Amino acid sequence: MSTWDIISEIAAEGAVLLENNGILPLAPEQRKIALFGAGAVDTLKGGTGSGDVVLEHVVNIEEALLDVGFEITSGEWLADYKVKSRQAEEERYRAMHEDHAATGDPQMSVFLRHNQVLPSGAPIEMADHKNEIAVYCISRQSGECGDRNTAEGDYYLRPEETEHLRVLGQSYGEVIVLLNTGAAVDTSFFREIPGLSALLIISQAGICCGTLAADLLTGRSVPSGKLTATWAMRYEDYPAAASFRDNSSDDKYYTEGIYVGYRHFDARKIRPAYPFGYGLGYTEFSWETISCTVEQEQVQLQVRVANTGDRYSGREVLQVYTSSPAGKLDHPVKELRAFEKTQLLKPGEEELLTLTFPLSQMASYDEESAAWILEAGQYAVLLGNSSANTIPVHYIQISETRITEQLTNRMTESAAKTASSEEKLPSKEALENISWVRELTRQQLAAIVTGVGAIGNAAVIGSASISVPGASGETSPCIEKTHGLHSLIFADGPAGLRLMRSYRIREDGSVVVPKTGFLSLTGYDRFVGVEPPAPGTTEVLQQTTAIPIGSMLAQTWNPQAAKKAGKIVASEMKQYGVHVWLAPAVNIQRDPLCGRNFEYYSEDPLLAGKIASAVVQGIQSVPGCGVAVKHMAANSQEDNRFDENSIVSERALREIYLKNFEIAVKESQPTFIMSSYNLINGVHAANNWDLLTGILRKEWGFRGAVVTDWGTTRNGMRAGFGGKTRSQPDGCIFAGNDLIMPGDRRDQEEILEAVENGQLSLEALQAAAAHVISVCQRLGVCEKV
Ligand code: BGC
């Protein structure tokens with residue numbers, strides 16, 4: 001199968017059909033349509049910022065439909081839209097230049113605050129097209145450094161969009177609405193405007209977004225995705241809605257605790273527009289529980305699923321939830337425990353699915369005893385195809401409350417600040433294995449634990465690598481000659497490999513570094529200008545594949561599909577010499593307005609953890625390829641991301657915001673974990689020993705290395721990106737945050753100073769270097785054993 005075919009298949013598995021009156025898929029003779037909406041022309045392949053992957057051209061929906069033989073009757077509207085879109089882009093770049101001239105801020109920051117805003121297009125005229133079909137595509141852009149908002153044109157429709165749909169609903173026989181978005185938008189228009197026939201999330205599918213729409217409309221592919229987050233009736237229904245965008249204080253109280261997403265909607269009995277786990281197909285399914293057993297602490301269900309339709313194939317996702325008895329702790333109404341997706345079943349075809357999960361997964365974190373406890377009582381096992389459509393199929397009786405794991409509270413404000421009984425020493429395992437680290441000088445050690453630094457001003461969204469243009473950063477080659485320790489090259493994700501699409505080399509093979517550095521972001525070149533090619537230089541291409549965005553990958557509910565996506569990325573890492581992919585991004589989608597939800601997987605930690613593990617396994621199945629699972633943890637917003645202090649209970653951290661990372665670590669042993677910019681309960685994530693050593697290494701058995709997010713330390717952030725409180729470089733090393741990226745000379749100096757004056761133990765520095773070296777060995781870039 002070609003890469004294109006694999007991506008197209010994954011994309012169809014991640015497309016979620018929300019409504020269908022039967023118009024979809026179109027009949028073979030229905031090949032004449034009226035096409036409207038910004039997304040028909042400006043089809044978005046993904047989000048912005050470090051999660052971007054630059055493509056030369058994105059096949060839009062209009063092109064894709066024409067390509068498969070559709071006749072499009074709205075040519076005039078589309079032509080006019082193109083003019084408006086070009087004008088809007090010109091205006092955007094003009095505003096960027098003005099901003100840059102006025103503020104003198106770094107070009108990258110200026111560029112990032114001028115996101116593309118798609119025009120609405122001309123009004124649509126009311127007419128009688130009752131025998132015709134209209135397709136309307138709504139697109140929403142979002143990205144790093146900024147959150148979304150509830151203004152019209154983002155979470156909510158613009159009045160012009162609503163008016164378009166109203167006119168279409170009255171004029172056309174059928175109206176199909178496509179959502180080209182990476183996260184939830186308000187869908188009340190569908191309930192309120194008469195005459196709308198179908199609502200389909202085509203998400204942002206990377207290289208194949210236009211063709212995906214064509215494939216789904218014609219039925220060449222069938223949608224089989226399910227929502228990975230609850231889509232509310234109105235934004236105010238979300239638990240953090242009242243405070244999510246309020247950054248008047250750095251402190252952000254996660255008052256909803258464990259009641260994130262469907263856990264909140266269920267508990268408050270709020271009916272969502274579309275529940276977590278929901279998605280239709282082009283056919284119907286039935287399922288029957290064959291057995292449910294509990295043996296050796298494992299719950300196992302066998303379920304027979306059948307395609308009961310008579311026309312179309314499809315895939316169903318069966319989901320197992322459990323509900324806990326009332327006890328010492330309060331519990332969500334239900335929580336996801338397992339899920340399985342069928343193969344593509346033809347009409348009448350059946351499949352036997354086996355769904356398993358350990359009993360211990362039903363335990364809750366009790367802060368009082370600092371333990372995971374399985375409370376006595378009756379647990380219901382619920383089976384269904386969404387969180388709102390389940391029935392109990394079995395009951396499990398736990399006779400006595402038991403502790404499934406005794407731990408220590410590590411994340412509460414007081415736990416972090418008061419000295420615990422345990423001394424906060426570095427983890428020594430790697431140090432024992434790589435005992436030659438002790439022979440290295442302090443300067444060498446400090447260089448190993450800090451990257452080679454930023455080029456120009458582009459450190460935050462990484463572009464600090466020179467070996468691979470457009471990669472985000474690389475580690476120091478300081479002991480290359482003596483010990484054979486080569487540089488590790490890091491590049492973003494998670495929507496593919498973010499590299500420069502091309503660069504130039506001189507005759508001697510050396511790379512020409514443009515004055516503006518190497519920053520691979522869609523449209524950035526147009527802002528900063530491309531230098532004319534110097535004589536005697538040759539262009540080198542680095543074409544990488546934009547895969548479906550993270551949220552779409554998760555919407556497949558299929559770890560096998562996620563693994564395949566990982567393998568595609570890994571093969572390109574090999575091709576271009578990248579060792580570590582800065583992905584997957586597994587943060588919990590706490591609120592639909594987080595600017596980076598498109599990169600993240602879900603509001604549910606089990607689903608996020610399982611998809612992440614599969615992606616990591618896909619990448620790491622290729623020797624020499626590693627990952628950085630990011631951003632640990634409680635990094636739920638983009639506005640104020642450097643200073644935001646997430647105030648979260650230990651229980652909510654353990655059950656929600658860390659659980660996803662825990663699953664990924666235990667099931668896939670990633671090479672790196674990336675710590676986050678924010679503080680958690682008053683302590684910078686990158687400086688938090690309890691988080692990065694206590695929990696990650698000691699409790700979960702992590703054997704890789706921890707890398708900072710780009711420019712986390714106060715020294716890494718001198719280029720006008722804002723932020724006040726900054727983590728400390730020596731604090732990173734103390735905490736077990738082994739590698740500071742992209743690194744800065746001052747980071748090294750401060751680390752050395754701290755060792756000198758006894759604030760940081762030499763052993764902690766050696767341990768951090770040993771962790772980095774052991775990952776280098778694992779990835780084949782260290783010759784010395
Ligand atoms: C982002 C990370 C990214 C890094 C390197 C940071 O700004 O938060 O997700 O991996 O830049 O580009």
Side-chain angles (χ1 to χ4, degrees), residues 13 17 222-228 262 266 275-325 331-363 374 377-399 404 554-563 604 606-607 609-611 613-614 663 667:
E13 281 203 54
L17 181 62
V222 294
S224 65
K226 302 277 179 185
L227 293 181
T228 63
Y262 66 91
D266 283 353
F276 171 81
Y278 170 85
L280 304 170
Y282 290 162
T283 186
E284 300 274 310
F285 292 91
S286 71
W287 54 93
E288 176 195 3
T289 310
I290 305 297
S291 64
C292 180
T293 54
V294 185
E295 268 168 40
Q296 291 172 346
E297 298 287 302
Q298 291 286 323
V299 184
Q300 187 176 90
L301 280 91
Q302 294 225 298
V303 183
R304 184 177 298 127
V305 189
N307 179 346
T308 55
D310 53 12
R311 293 186 68 185
Y312 302 107
S313 300
R315 308 179 69 144
E316 182 57 295
V317 177
L318 266 283
Q319 303 159 36
V320 178
Y321 298 79
T322 63
S323 66
S324 306
H331 299 285
V333 176
K334 63 171 92 70
E335 291 178 272
L336 183 70
R337 301 303 182 204
F339 58 92
E340 282 291 332
K341 189 168 196 172
T342 66
Q343 298 301 317
L344 190 68
L345 298 180
K346 296 200 187 83
E349 215 180 335
E350 295 185 347
E351 185 178 344
L352 196 63
L353 293 182
T354 304
L355 297 105
T356 50
F357 64 94
L359 264 189
S360 59
Q361 223 185 73
M362 301 193 307
L374 194 58
Q378 181 173 278
Y379 291 73
V381 179
L382 312 162
L383 179 71
N385 66 348
S386 83
S387 64
N389 181 34
T390 62
I391 50 160
V393 293
H394 193 73
Y395 293 93
I396 300 170
Q397 193 66 39
I398 302 290
S399 50
T404 59
Q555 281 166 196
T556 65
W557 287 65
N558 183 355
Q560 289 312 317
K563 198 167 177 176
D604 181 84
L606 178 86
L607 181 59
K610 293 283 179 188
I611 297 293
S613 304
I663 294 169
E667 294 189 1

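These figures come from a predicted structure and were not determined experimentally. Keep in mind that the numbers below use all heavy atoms, side chains included, and drop hydrogens, waters and symmetry copies.
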Query raised in the report: Between R315 and E340, is there a side-chain N and carboxylate O pair less than 4.0 Å apart?
Result: no
[Y] side chain reached by [X] side chain, heavy atoms, under 4.5 Å:
X    : Y    : result
P347 : Y312 : no
Q302 : S291 : yes
R337 : M362 : yes
V299 : L359 : yes
S323 : V333 : no

Report the distance from atom [atom1] of [X] to atom [atom2] of [Y], rounding to the nearest 0.5 Å.
X    : Y    : atom1 : atom2 : answer
E349 : N307 : CD    : CG    : 8.0 Å
N389 : Q319 : CG    : CD    : 9.0 Å
Q378 : I396 : CD    : CD1   : 10.0 Å
I663 : L606 : CD1   : CG    : 4.5 Å
T354 : L318 : OG1   : CG    : 11.0 Å
L382 : E335 : CG    : CD    : 11.0 Å

Please name the pair of heavy atoms, one in [X] and one in [Y], separated by the smallest distance, quoted to 0.1 Å.
X    : Y    : value
L17  : P223 : CB-CG, 4.0 Å
E351 : L345 : OE1-CD2, 3.8 Å
L336 : Q361 : O-OE1, 4.4 Å
S387 : P275 : OG-CB, 3.7 Å
A338 : F357 : CB-CD2, 4.2 Å
F339 : P559 : CE1-CD, 4.0 Å

Query raised in the report: Does a donor on one side chain sit under 3.5 Å from an acceptor on the other, for K341 and S224?
Result: yes
Query raised in the report: Does CD belonging to Q296 count more than 12 external heavy atoms closer than 6.0 Å?
Result: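 Counting other residues, nucleotides and ligands, CD of Q296 stays at 12 neighbours or fewer.
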Query raised in the report: Counting only heavy atoms not in E667, do more than 12 fall under 6.0 Å of its CD?
Result: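 Counting neighbours around CD of E667, more than 12 heavy atoms of other residues, nucleotides or ligands fall under 6.0 Å, so yes.
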Report task. Check the pair K226, E316 against salt bridge (Lys or Arg N to Asp or Glu O under 4.0 Å), reporting the backbone distance first and the verdict last. Result -> CA-CA 9 Å; K226 302 277 179 185; E316 182 57 295; 2.7 Å; yes
Requested in this report: Just say parallel, tilted or perpendicular for the rings of F276 and Y262, cut-offs at 30° and 60°.
Outcome: parallel
Requested in this report: Could you check T390 against K334 for side chain to side chain contact (heavy atoms under 4.5 Å, CB included), going step by step and ending with a plain yes or no?
Outcome: CA-CA 10 Å; T390 62; K334 63 171 92 70; 3.8 Å; yes
